Amino acid sequence: MSSSLILRANLPRALARRAALRTALQVRSTSDASEFKYVPGGPIYKGTVNDPTSFPPPSRVHGSYHWAFERLLSAGLVPLTVAAFVTSGSANPILDGILGVSLVVHSHIGFDSMVVDYLHPRKFPILGKVATWTLRTATVATLVGVYQFNTNDIGLTELITKVWTA
């Protein structure tokens, strides 16, 4: 019963506020209408958001080809790793070399995606380029090191086998 009394007391005030607000908005809209003319379909701004986006030209190293290569490499590493450890690394140096190169390329693609995502050139123009070239240099140095290790030493799979059994 007391809630209905509160409602009856506050309802006329709320209605009066709404009516005053509506009147103020109508007055404002009529004064604004004289300053600006209505354009059917809205205004069209040239040189900003209404311009079409220019798309980059298709490239075989980006987009779906790039994505498919990453997935194929990742899926291919599973049987390649199993095959390298089932057979002896010294008996199959070509398989050992393919495993070493595949691991380095897989790591490079992952780190490159991270650099591209988090050190974008628009936000970090200098640091992004430095990180990209540092990654490329480290990848080439790692490939040279894997080649040297596989040709002049025991090889990648033999090393992992010895570490695993030690």
Side-chain angles (χ1 to χ4, degrees), residues 24-25 28-29 31-166:
L25 288 175
R28 189 180 316 155
S29 68
S31 67
D32 290 343
S34 63
E35 294 176 25
F36 303 106
K37 294 194 177 219
Y38 173 72
V39 178
I44 297 175
Y45 298 103
K46 296 192 180 200
T48 59
V49 296
N50 288 337
D51 286 344
T53 304
S54 61
F55 292 102
S59 173
R60 289 188 176 255
V61 295
H62 293 91
S64 61
Y65 294 115
H66 196 221
W67 185 87
F69 176 72
E70 289 175 2
R71 299 307 170 266
L72 182 67
L73 180 64
S74 298
L77 276 173
V78 175
L80 188 62
T81 304
V82 171
F85 288 109
V86 168
T87 62
S88 173
S90 58
N92 294 314
I94 294 176
L95 186 63
D96 203 23
I98 292 172
L99 177 66
V101 170
S102 298
L103 285 171
V104 172
V105 170
H106 176 74
S107 299
H108 174 80
I109 289 172
F111 282 119
D112 186 50
S113 297
M114 185 176 63
V115 167
V116 166
D117 287 344
Y118 295 111
L119 296 175
H120 199 273
R122 283 182 290 167
K123 191 168 185 180
F124 302 101
I126 296 172
L127 185 62
K129 287 182 182 178
V130 169
T132 301
W133 283 102
T134 302
L135 175 65
R136 290 174 182 167
T137 304
T139 301
V140 169
T142 305
L143 284 171
V144 169
V146 166
Y147 173 76
Q148 292 292 326
F149 189 73
N150 281 337
T151 56
N152 298 332
D153 210 343
I154 60 175
L156 187 63
T157 53
E158 287 292 322
L159 173 72
I160 294 173
T161 304
K162 285 186 176 187
V163 169
W164 190 268
T165 57

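Here the structure is a predicted model, which is why all the values come from computation and not from measurement. Every heavy atom of this structure was used, including side-chain atoms; hydrogens, water molecules and symmetry mates were not. Counting from 1, the numbers follow the sequence of the chain as shown.
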With sequence neighbours left out, write down each residue that passes side-chain contact (heavy atoms from CB on, under 4.5 Å) with T134, or none if nothing qualifies. V130
Please list, chain by chain and in numerical order, all residues satisfying side-chain contact (heavy atoms from CB on, under 4.5 Å) with S74, sequence neighbours excluded. H106
Got a second to check how far [X]'s [atom1] is from [Y]'s [atom2], nearest 0.5 Å?
X: Y118; Y: K123; atom1: OH; atom2: NZ; result: 12.0 Å
X: D112; Y: D117; atom1: CG; atom2: CG; result: 9.5 Å
X: L135; Y: L119; atom1: CG; atom2: CG; result: 11.0 Å
X: T132; Y: F124; atom1: OG1; atom2: CZ; result: 12.5 Å
X: L103; Y: I98; atom1: CG; atom2: CD1; result: 12.0 Å

Within the 4.5 Å heavy-atom criterion, are [X] and [Y] side-chain neighbours or not?
X: L95; Y: L80; result: yes
X: N92; Y: D96; result: no
X: H108; Y: T142; result: no

Determine whether a donor-acceptor pair (N or O, by modelled atom type, separation under 3.5 Å) exists between the side chain of N150 and the backbone of L156.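 Yes; judged by distance alone, with no hydrogens or angles, the pair exists.
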So for atom CZ, which belongs to F111, do other residues, nucleotides or ligands contribute more than 12 heavy atoms lying within a distance under 6.0 Å? no
On a heavy-atom basis, which atom in I109 and which in F69 lie closest, and how many Å separate them?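 Of all heavy-atom pairs spanning I109 and F69, the closest is CD1-CE2, 3.7 Å.
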